[in-house]
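Sequence positions, counted from 1, serve as the residue numbers for this chain. Excluded from the calculations below are hydrogen atoms, water molecules and symmetry mates; all remaining heavy atoms, backbone and side chain alike, are included.
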Amino acid sequence: MAHVIQCLDQPSNYKDSQSRVDRQKQNDLLAKSNTLYVGNLSFYTTEEQIYEIFTKCGSPEDGGGVKRIIMGLDRNTRTPCGFCFVEYYTHAEALAAMRYISGTKLDERIIRCDLDLGYKEGRQFGRGKSGGQVRDEHRSDYDPGRGGWGAQAQRLEIERRREMEERYADTTVAVAGGGGEWNQQHATAEPAGTLKRGRSPEDEGDDSRMANRARTDGDPEAERM
């Protein structure tokens with residue numbers, strides 16, 4: 001049955017793309033490594049959570065346990081970007097963590113553990129163009145635990161919104177500044193209601209009759225006449 005069931009404490013084909021070590025040398029180093037690469041973490045998983053779960057595979061009574069945890073960080077923002085390194089004191093503890101922790105859930109995500117050649121300064125930063133991990137650069141699905149859409153999709157959305165804002169701004173300026181010719185033509189025109197029509201003979205006759213009536217109303221003698 002050994003050829004049917006995969007051994008859970010054996011390293012995968014994972015290889016650091018920037019390592020200068022050939023495959024045979026790498027296998028020799030992994031056979032003694034006490035460092036794990038942990039991937040598929042949520043951006044919101046804390047170092048304390050990782051320590052709590054990985055310390056269960058340590059043996060402090062034998063002088064072992066978790067030696068240190070190095071959180072993977074976005075190169076630009078210095079915020080967690082979904083991976084970390086867990087370093088134990090012994091190789092046996094690292095194998096135990098691979099056997100019992102890899103494939104389990106942490107913050108509702110299935111985490112993956114693999115033996116690593118060993119942490120070196122600078123490896124804590126993401127290698128993607130946007131500062132995070134390469135796997136999140138071209139991801140097309142929406143993953144709230146890893147920043148939403150992939151970095152490339154987010155850039156396209158930002159460009160689309162910028163184009164829409166510029167187009168809307170151009171339209172607003174055109175509407176606000178419209179009607180220039182009409183305003184110039186009517187700028188000197190006299191406001192409505194101030195124009196007067198000429199007086200006609202009928203208007204003058206009406207005025208005379210109104211004046212006579214006023215004198216008659218005020219003079220009783222004129223009324224008797």
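- Annotation: cation-pi geometry satisfied between R78 and F125 (NZ/CZ under 6.0 angstrom from ring centroid, within 45° of ring axis).
- Across C57 and I101, no two heavy atoms sit closer than the pair SG-CD1, 3.7 Å.
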Practice problem: Dump the intermediate steps for side chain to side chain contact (heavy atoms under 4.5 Å, CB included) on L95 and L115, then the final yes or no. | Solution: CA-CA 8 Å; L95 289 180; L115 288 176; 4.0 Å; yes

Exercise. Under the side chain to side chain contact (heavy atoms under 4.5 Å, CB included) rule, what do E61 and S59 come out as? Steps first, then yes or no, please.
Key: CA-CA 5 Å; E61 64 278 2; S59 303; 3.9 Å; yes

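- Linking ILVMFWY side-chain heavy atoms closer than 4.5 Å, directly or via other members, places L117 and M98 in a single hydrophobic cluster.
- Under the rule for a salt bridge (Lys or Arg N to Asp or Glu O under 4.0 Å), K120 has no partner lying at least two apart in sequence or in another chain.
- Without hydrogens or angle criteria, E93 side chain to T90 main chain gives a donor-acceptor distance under 3.5 Å.
- We find the NZ-CD1 distance between K105 and I53 to be 13.0 Å, quoted to the nearest 0.5 Å.
- The OG1 atom of T35 sits 14.5 Å away from atom NZ of K32, with the distance rounded to the nearest 0.5 Å.
- How far OH of Y88 is from CG of L36: 6.0 Å, rounded to the nearest 0.5 Å.
- When atom types are taken as modelled, the side chain of R75 and the backbone of G128 share a donor-acceptor pair closer than 3.5 angstrom.
- By the rule that hydrophobic residues join a cluster once side-chain heavy atoms approach within less than 4.5 Å of another member, F43 and L106 end up as members of separate clusters.
- We find the NZ-CG distance between K25 and L30 to be 11.5 Å, quoted to the nearest 0.5 Å.
- Of the possible donor and acceptor atoms, none in the side chain of H91 sits under 3.5 Å from a partner among the backbone N and O of N34.
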Quiz item: Stepwise, does the salt bridge (charged side-chain N to carboxylate O under 4.0 Å, His left out) test hold for R146 with D141?
Solution: CA-CA 10 Å; R146 295 185 68 89; D141 62 321; over 6 Å; no

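- Contact detail for G103 and I110: the closest heavy-atom pair is O-CG2, 3.6 Å.
- Under the 3.5 Å distance criterion, the side-chain polar atoms of S102 are matched with a main-chain donor or acceptor of C113.
- A salt bridge between D136 and R139 is present, with a side-chain N of the basic residue lying under 4.0 Å from a carboxylate O of the acidic one.
- M71 contributes atom CE, which lies 9.0 Å from atom CZ of F83 (distance to the nearest 0.5 angstrom).
- Classification of the F85-Y119 ring pair by plane angle, with boundaries at 30° and 60°, yields tilted.
- With sequence neighbours excluded, the residues that form a side chain to side chain contact (heavy atoms under 4.5 Å, CB included) with D107 are S42, T45, Q49.
- E137 places a side-chain N or O within 3.5 Å of a backbone atom of S130 that can act as its donor or acceptor partner.
- The structure places OH of Y89 at 10.5 Å from CZ of R68, a figure rounded to the nearest 0.5 Å.
- With Y37 contributing its side chain and R112 its backbone, the two residues share no donor-acceptor pair below 3.5 Å.
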Practice problem: Please step through side chain to side chain contact (heavy atoms under 4.5 Å, CB included) for the pair L73 and T79, ending with a clear verdict. | Solution: CA-CA 5 Å; L73 302 176; T79 56; 6.0 Å; no

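- Ion pairing between D28 and R23 fails under the 4.0 Å rule for side-chain N and carboxylate O.
- Shown here for G132 and D74, the closest heavy-atom pair between the two residues is N-OD2, 3.4 Å.
- Atom CD of E108 has 12 or fewer heavy atoms from other residues, nucleotides or ligands within 6.0 Å.
- Proximity of a side-chain donor or acceptor of D143 to a complementary backbone N or O of G145 within less than 3.5 Å is detected.
- Residue E52 places its CD atom among 12 or fewer non-hydrogen atoms of other residues, nucleotides or ligands, all under 6.0 Å distant.
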